[in-house]
Asks: 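Starting off with a structure, shown below.
Letters A, B, ... mirror the listed sequences (proteins, then strands); counts begin at 1.
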Amino acid sequence: MLLQRQTTSLRPLTTAHLAQTMTLLGLTVGELRQKIETELAENPALELVEEHHCPVCHRPQPNSGLCPLCSRLPSATAEQPIVFLSPREDFQHHGVLPAEDLPDDNLAPEVEDLPTFVLRQIAAELAPEDRSLAAHLLNNLDEDGLLSVSILEIASYHHVLPSRVEVVLKLIQRSEPIGVGCSNPQEALLVQLDVLAETRPIPLLAAEAIQQGMSLLSRRKYSELGQLLGISTSQASQIASFISNNLNPYPARAHWGDVHQSAEPSPNVYHTPDVIISRLNDREETPLVVEVITPLYGTLRVNPLFRQALHQAPPEHSTEWHQAIDRATLLVKCIGQRNHTIVRLMELLATIQRKFILHGEVHLLPFTRARMADELEVHESTISRAVSGKAIQLPTGRIIPLSTFFDRNLQVRTVLKQIINQEASANFSDSQLAVILKGHGYPVARRTVAKYRAMEGILPSHLRQPFKPC
DNA sequence: CTATGGCACGGATT
DNA sequence: AATCCGTGCCATAG
């Protein structure tokens with residue numbers, strides 16, 4: 001107690017304040033934007049200055065002159081990714097990157113919002129008189145693709161039976177992104193599971209796990225989940241990993257597994273991408289364009305006028321004003337630091353995993369955060385923070401967790417999947433698979449093959465269908 | 001006897 | 001320090 005007091009009083013407020021660093025690295029764009037917005041509202045010393053536009057591509061950017069992309073374009077090489085900060089907020093759910101990214105490219109990007117996207121899919125099966133119902137439903141989706149009104153509300157508004165609304169809703173839920181229009185994540189998962197079951201075997205009890213153990217599932221209490229379902233802990237966690245690999249509780253947020261530990265009231269875990277990677281054009285030998293998304297348009301800085309006015313501060317507000325300045329400086333500095341780290345991280349990642357980004361999971365090289373930390377000469381935890389909870393959009397439009405880049409066995413698992421899919425008549429047993437994998441350069445134990453199978457939801461050999469749909 | 005799943009341990013990773 | 005991951009050994013099912 002006494003000791004604590006001493007240490008706190010030892011530090012003079014002013015310098016301690018400035019030396020401090022905020023933990024911004026671990027935040028996603030969405031979280032960071034919230035933080036900045038509240039800070040902006042509360043702190044008069046903070047100022048958001050208007051952005052400029054690049055004369056070539058008209059993309060908004062902090063400085064005048066050419067934007068980072070356009071200025072680096074001439075010297076771009078295929079191996080070296082172009083990484084820069086981008087204020088883009090308007091990504092598309094299923095988005096192929098809008099063409100505005102390519103200077104000289106005059107194609108207007110076809111912007112389609114989620115409601116129209118879904119409506120187009122179901123149009124054929126939709127009775128004309130139900131069109132307004134569908135429209136009403138689709139317009140009440142929240143940003144996660146979940147329905148924010150009740151069926152009864154809609155029904156009574158349109159003077160129809162709830163069952164009719166349900167029919168339309170079912171139609172919606174079964175279209176891409178599968179699960180849109182469910183009223184909660186749980187329901188969305190179940191619909192997805194159901195649809196998935198038509199094309200591929202799914203683990204037993206997966207549905208039960210979602211129905212009964214949703215809260216356990218999201219808190220990663222696998223042993224309790226196992227007890228609930230009457231199965232072992234490892235079985236439970238295998239089901240969990242299947243779910244997080246293949247299903248998505250927030251349909252509009254594209255493919256993004258990893259049920260995060262933070263419990264119920266934080267829907268922000270699933271979010272818009274923090275980084276978007278695209279290719280410059282369709283040719284093979286092009287540099288990757290990596291956009292690290294910034295939360296706001298414009299640049300954040302300490303208001304110079306406020307700083308000038310500091311001398312004339314009324315004495316009773318003097319310290320208060322100083323603190324405001326300090327806070328603002330700190331925030332600006334930390335945001336800069338955050339951006340810097342992420343940019344460097346992405347530069348290296350995009351270089352190393354170029355093949356993975358372009359050609360898929362088979363080409364993912366095993367690479368640990370520790371190694372990355374070593375290369376970048378930062379602490380391991382820095383990388384961990386930078387990676388965790390963030391999402392990245394690949395050139396294909398898929399959104400995946402950034403942590404996938406450090407998935408140690410994804411590569412082997414995909415190869416395994418391929419082998420099993422290609423297996424002609426006879427199904428390989430786990431030990432056979434182990435031998436084959438060894439031949440491909442992946443020495444794994446038979447026991448491990450079994451685990452990978454389970455993770456991918458592939459049944460044991462004697463239960464597998466001899467015919468592969470392809 | 002063969003193929004798999006459960007459990008648990010040790011080492012790597014975060 | 002906590003967690004994840006690959007593996008070996010044993011039990012069980014077919």
Asks: Verify the contact: side-chain N or O of A/Asn409 to OP1 or OP2 of C/dG6, cut-off strictly under 4.0 Å; return yes or no.
Replies: yes

Asks: With a cut-off of less than 4.0 Å, is there a side-chain N or O of A/Ser461 near OP1 or OP2 of B/dT4?
Replies: yes

Asks: Mind calculating the distance between CZ (A/Arg369) and C1' (B/dT14) to the nearest angstrom?
Replies: 7 Å

Asks: Ignoring hydrogens and geometry beyond distance, is the side chain of A/Arg413 in donor-acceptor contact with the base of C/dG6 at under 3.5 Å?
Replies: no

Asks: Side chain to side chain contact (heavy atoms under 4.5 Å, CB included), that's the test. Do A/Lys417 and A/Tyr452 meet it? Break it down for me.
Replies: CA-CA 9 Å; A/Lys417 259 196 293 191; A/Tyr452 290 167; over 6 Å; no

Asks: Whole-Å distance between C/dT7 C1' and A/Lys438 NZ?
Replies: 12 Å

Asks: Rounded to the nearest 0.5 Å, what separates atom NE2 in A/His340 from atom CG in A/Leu25?
Replies: 12.0 Å

Asks: Side-chain N or O of A/Tyr452 less than 4.0 angstrom from OP1 or OP2 on C/dC5?
Replies: no

Asks: Base, sugar-phosphate, or nothing: which does A/Thr448 touch, judged by heavy atoms less than 4.0 Å apart?
Replies: base

Asks: Quick one: is A/Arg453 getting a side-chain N or O under 4.0 Å of the B/dG5 phosphate, OP1 or OP2?
Replies: yes

Asks: What is the distance from CG of A/Leu25 to P of B/dT14, rounded to the nearest Å?
Replies: 15 Å

Asks: Salt-bridged, A/Asp430 to A/Arg447, with N to O below 4.0 Å?
Replies: no

Asks: How close or far is atom C1' of B/dT13 from atom CG of A/Asp407, stated in whole angstroms?
Replies: 13 Å

Asks: Indicate, yes or no, whether a donor-acceptor pair under 3.5 Å links the base of C/dG6 to the side chain of A/Arg446.
Replies: no

Asks: Of the nucleotides B/dT14, B/dT4, C/dT7, which has the atom closest to the A/Thr368 side chain?
Replies: B/dT14

Asks: Looking for any heavy atom pair under 4.0 Å, which part of the strands does A/Arg447 touch: base, sugar-phosphate only, or nothing?
Replies: base

Asks: Between B/dT14, B/dA3, B/dG5, which nucleotide gets closest to the side-chain atoms of A/Ala370?
Replies: B/dT14

Asks: Round to a whole Å and report the spacing from CD of A/Gln411 to P of C/dG6.
Replies: 13 Å

Asks: Could you state the atom-to-atom distance from CZ of A/Arg385 to C1' of B/dT14 in whole Å?
Replies: 12 Å

Asks: Pick one: which of A/Leu288, A/Val290, A/Leu73 meets side-chain contact (heavy atoms from CB on, under 4.5 Å) with A/Ile82?
Replies: A/Leu73

Asks: Using 0.5 Å steps for rounding, measure from the CG atom of A/Leu364 to the CD atom of A/Glu361.
Replies: 8.0 Å

Asks: What's the verdict on ring-ring contact (aromatic ring centres under 6.0 Å, His included) for A/Phe405 and A/Phe356, showing C-alpha distance, side-chain angles and the deciding distance?
Replies: CA-CA 9 Å; A/Phe405 279 74; A/Phe356 161 68; 5.1 Å; yes

Asks: How close or far is atom P of B/dT14 from atom CZ of A/Phe406, stated in whole angstroms?
Replies: 8 Å

Asks: Is it true that A/Glu39 and A/Arg327 have a side-chain N and a carboxylate O under 4.0 angstrom from each other?
Replies: yes

Asks: So, A/Arg385 and A/Thr23: side-chain donor and acceptor under 3.5 Å apart, yes or no?
Replies: yes

Asks: Salt bridge check: are A/Arg369 and A/Glu380 linked by an N-O gap of less than 4.0 Å?
Replies: no

Asks: Which nucleotide in the list C/dT7, B/dT14, B/dG5 gets nearest to the side chain of A/Lys451?
Replies: C/dT7

Asks: Using a cut-off of 6.0 Å, state whether more than 12 heavy atoms not belonging to A/Arg338 lie near its atom CZ.
Replies: yes

Asks: Taking only nitrogen or oxygen atoms into account, show me every contact under 3.5 Å that the protein makes with nucleotides 9-11 of chain B, one pair per line with its distance.
Replies:
none

Asks: Could you tell me the separation between the NE2 atom of A/His462 and the P atom of B/dG5, rounded to a whole number of Å?
Replies: 7 Å

Asks: I need the residues from residues 372-382 of chain A with at least one non-hydrogen atom less than 4.0 Å from DNA chain B; give them sorted by number, or say none.
Replies: A/Glu380

